[in-house]
Amino acid sequence: MYINLSNYMESVSNPNGRFKTLEGIYPVRDCYHEPVMTANRLTVNFEMTYKGEAYTLKCLLNDSLCIENLRNISDYTRLIDSPYLTSYTYYPQEMLVFDNFDNPLYVDVILQKEPEGRKLNDFLANCLERGDINSITEVMRKIGDLAYWFTENDFSHGRLTASNIIITSSCTPILINYEWAYTTRSFHDLISLAYMTIILYLSACESEFYKGFKRNSIPIIRELRKNLLLLARGLRETGPEPLKELVLAIQKSRFMPDKHMCDKIAAVAQCDIHKSEDFIALMQRIVGLHRFYPSETENTPEQSRYTHVGHMNDMLRRVEDGQYVKFVNAQGKTIIDGNFSDAEDFAEGRSVVKVDKYYGVIDTTGRYILSPCFEDVEWFPELNVIKALMDGHYGLYSREGEEITGQIYTKMLSPGDGLFAVRKECHFGFIRRDGSVAIDFIYDDAFSFQNGKARVTRNGSVYLIDTAGNIIEELRDSPSKTYQTHSKARTEIFTEFDRANAPATHP
Amino acid sequence: MYSARITRHNPTAFIFLIDRSGSMEEKIKFGSHTTTKAEAVAIVTNMLVKELINRCRREEGIVDYFDIAAIGYSSGHATMLLGGKDSFAKPSILAMQHCSQRSFSRERVLPNGHVVVTTDELKYWIEPKAEGNTPMCSAMEQALHLVRKWCKQTTNKASYPPTIFNITDGEASDGDYQTLIRIADEIKQQHTDDGHTLLFNINLSSSVEDKPVIFPGSKDDLPCCRYAEMLYEMSSQMPEEYNETIRHISNCHCEPPYRGMSFNTPIADMIAMMNIGSISINKI
């Protein structure tokens, strides 16, 4: 069976006759008339309407999903009457799909009822916009109740993020997306609820805190996690006691949360909004520091100016502003700006850059090691050499730009096992990175070394040789042989005699 | 090897090399319809692009898990069909791109015997075209340049290596076999820490009487044909991780390792090959 997302889309787009029991279900469509969908590692999810109500139809993408577990979750949500769970029904062999070979088969699906309300991040943004702090505190209180519910029921969500919580019009949190859930009691979800409570509380105290994080949505929990130590230190001097205790509880819990964390969550929810100057300054510091020291994986504050921002290498980050490429430091300050139409990331202190049509190499100060006058350049940091092409000839240069071989080779392949296959006049040989000849120029054709072997052709015969130039084996006829530019009769045979009488570098 | 997770910080790359020479005007069976090879290839490639984009759809929008490029070759030159002059396109950009949209119909036979026609909308990022000769060498060189630059980016060092599909129905007009094999070898040399670039060569059939060869295990599985042997040498040896899936569609009844090539391929098998070749999308 080979089903991909497009196969599911076809069935959902054409639902008539495709469902065994879900008769009358149909997809919500976008402006291109396509079903509205999202995907994750485990499922592809389609927004559907069924009997006049909103649902999500989930189709399984990942074979590692535990079907048994999903059935348990489905049964559990049906049996338990909880205000925090939505209907989540597993339908085995429900939907007809045609796989990539046009084979029809029925696949399992999950139908999840969509609660009315907003996702927690949208809810928070909306409340802050309207200045509705009361709703935020009401949600905090109910999250406290949810925390207690987790300690009393055999249900763990497993992926409790803001996008998996819907807030209804009565400020009740409802959990959705149970693909990672399991029907055993554990307290890991309490950590997520603790972080959410902190974010809600701080946002209610100071709306700029919420806006200050880069993403204009509820901050992803890991962003707060990165700043937790900072927050904990600051709370020693200022801030409400329950908040201090909750942060401490998170720090102490590590991967083994305590069920008593729900008391601390509830305590913060009951806390008055704190607006002392010191406390506001602490939050601004956290936001400011977050901006000032972006992590490697997060965007810099300058990012909005650039079409592409690369990673840090050699203390420099390659950025593109649509037309040119330049290099900036960690603070976003421009360090190298040479009007490069293209450039590679720095590696071992060197970067290949392109100016108009020509290539050169610069160091981390922007000084040219090789002037941009070459048709092509490759920097091999593992060998500390530069391969450069000019007027149809290749040469090697050192990392300081000193000529090693001169532009004398009509062909130079990528290095393999420390050797370059090169062609001089009409023959191939192999040279080392210092330019010395490792295997002499006796081959009509050659390929790069890989795993200690290279394929070479001589007088119509094809061989595998080792890095000393010794024959490992003779290969079957290659199609390239028929089309060699030099058509020699196969009179010269590559024999033991040749090997015995050739210089050391020859087979 | 070939096990890296695909993330927004470690995307993988796909490159499509598409023969748009005059011979692609020939008719071919595609499902229950007959259409030109050029049209069939455009449909299949656009469907794969759509799949790649849809795999990137998340709650917060489209996350760029892939770098995608397409190079068409005909009339003496190779042209970037997706992406910039020498760069890849991102799914988030492709999703918003204005391009022609066509309805694509298929006949389906339901289990109760009823025949229904299902219609899907398909965006055409890549338009079918068939004219001129077959400058495959130019296209391969452009692909080499792209993949070399991609692999050298430090952000891609730990990524799942690039996958390249070369879809053609004939021989190159701008280079001999030796040149093509050499360029292909250079392409396959480009690597990340997770493995070497995978190069698939798919030769389309012109006649239903042609016997297809899909994922051969050795040259003995090939017909007696220099062109097939050249494609064999150009193509990547498939990693072990692909063996199980390949076994289901390979018609060579041979043991691995398999070569990422097919000869005299009907469209259905081309789809299967490209699906296997893009198996990395399950590593998101």
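Every chain is numbered from 1, with letters handed out A, B, ... down the list of sequences. Heavy atoms only: backbone and side chains are in, while hydrogens, waters and symmetry mates are out.
Looking at B:E51, both its backbone and its side chain come within 4.5 Å of chain A, counting heavy atoms on both sides. Neither the backbone nor the side chain of B:H114 comes within contact range of chain A; no heavy atom of the residue lies under 4.5 Å from a heavy atom of that chain. Neither the backbone nor the side chain of B:V63 comes within contact range of chain A, judged by heavy atoms closer than 4.5 Å. Only the side chain of A:D342 has a heavy atom closer than 4.5 Å to any heavy atom of chain B. For chain B, the nearby part of A:F346 is the backbone; its heavy atoms alone come within less than 4.5 Å. Contact of A:L96 with chain B is made through the side chain alone, with heavy-atom distances under 4.5 Å. Interface remark: A:F380 contributes side-chain atoms only to the contact with chain B (heavy atom separation under 4.5 Å).
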| task | Evaluate side-chain contact (heavy atoms from CB on, under 4.5 Å) for B:T118 paired with A:R18, printing each intermediate quantity in order. | result | CA-CA 11 Å; B:T118 63; A:R18 296 295 184 108; 2.9 Å; yes
| request: Kindly indicate, with the supporting measurements, whether the criterion salt bridge (Lys or Arg N to Asp or Glu O under 4.0 Å) is fulfilled by A:R455 and B:E233. | output: CA-CA 12 Å; A:R455 194 171 67 185; B:E233 297 215 17; 2.6 Å; yes
| task | Evaluate the criterion side-chain contact (heavy atoms from CB on, under 4.5 Å) for residue pair A:H33 and B:Q101; output intermediate values, then yes/no. | result | CA-CA 11 Å; A:H33 204 64; B:Q101 191 149 320; 5.9 Å; no
| field | Test log, rule side-chain hydrogen bond (donor to acceptor under 3.5 Å, both in side chains), inputs A:D345 and B:T154 | value | CA-CA 6 Å; A:D345 291 337; B:T154 345; 2.8 Å; yes
| request: In sequence, state the C-alpha distance, the side-chain angles, and the governing distance for B:Q190 and A:S414, and then conclude on side-chain contact (heavy atoms from CB on, under 4.5 Å). | output: CA-CA 9 Å; B:Q190 307 308 312; A:S414 296; 3.7 Å; yes
| message | Would A:D376 and B:R148 count as a side-chain contact (heavy atoms from CB on, under 4.5 Å) here? Give the steps. | response | CA-CA 12 Å; A:D376 195 12; B:R148 201 175 84 185; 3.0 Å; yes
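Summarising the local packing, OH of A:Y106 is surrounded by more than 12 heavy atoms from other residues, nucleotides or ligands at distances under 6.0 Å. With a 6.0 Å radius and a threshold of 12 heavy atoms from other residues, nucleotides or ligands, A:M315 has its CE atom at or below the threshold. Enclosure of atom CD in B:E107 is not indicated, since only 12 or fewer non-hydrogen atoms of other residues, nucleotides or ligands lie within 6.0 angstrom. Crowding of B:K157 atom NZ: a count of heavy atoms from other residues, nucleotides or ligands under 6.0 Å not exceeding 12.
Looking only at side-chain heavy atoms (C-beta outward), B:R57 and A:V44 stay at 4.5 Å or farther from each other.
Chosen from A:E378, A:K411, A:Q450, A:R318, the residue pairing most often with chain B at heavy-atom distances under 4.5 Å is A:E378. Chain B forms more heavy-atom pairs under 4.5 Å with one residue of A:T38, A:N40, A:N14 than with any other, namely A:N14. Taking B:E121, B:R182, B:H196, B:E186 one by one and counting their heavy-atom pairs under 4.5 Å with chain A, the maximum is reached by B:R182.
Shortest non-hydrogen contact noted between A:W379 and B:K152 is O-NZ, 3.2 Å.
Salt bridge B:K50/A:E34: present, at least one basic N to carboxylate O contact under 4.0 Å.
Side-chain N/O atoms of A:S163 and B:E59 include no donor and acceptor closer than 3.5 Å. Using modelled atom types and a 3.5 Å distance limit, the side chains of A:S448 and B:Q189 yield a donor-acceptor pair.
A distance of 11.0 Å separates CE in A:M9 from CE in B:M47, rounded to the nearest 0.5 Å. Atom-to-atom distance recorded for B:N275:CG and A:N7:CG is 7.5 Å, nearest 0.5 angstrom. With rounding to the nearest 0.5 Å, the separation of CG in A:L61 from CZ in B:R55 is 4.5 Å.
Of the listed residues (B:N54, B:L52, B:I53), just one forms a side chain to side chain contact (heavy atoms under 4.5 Å, CB included) with A:L5, and that residue is B:N54.
In this structure, the side chain of B:R108 does not engage the main chain of A:V97 through any donor-acceptor pair within 3.5 Å. Judged purely by atom type and a 3.5 angstrom limit, B:R58 uses its side chain to pair as donor or acceptor with the backbone of A:A39.
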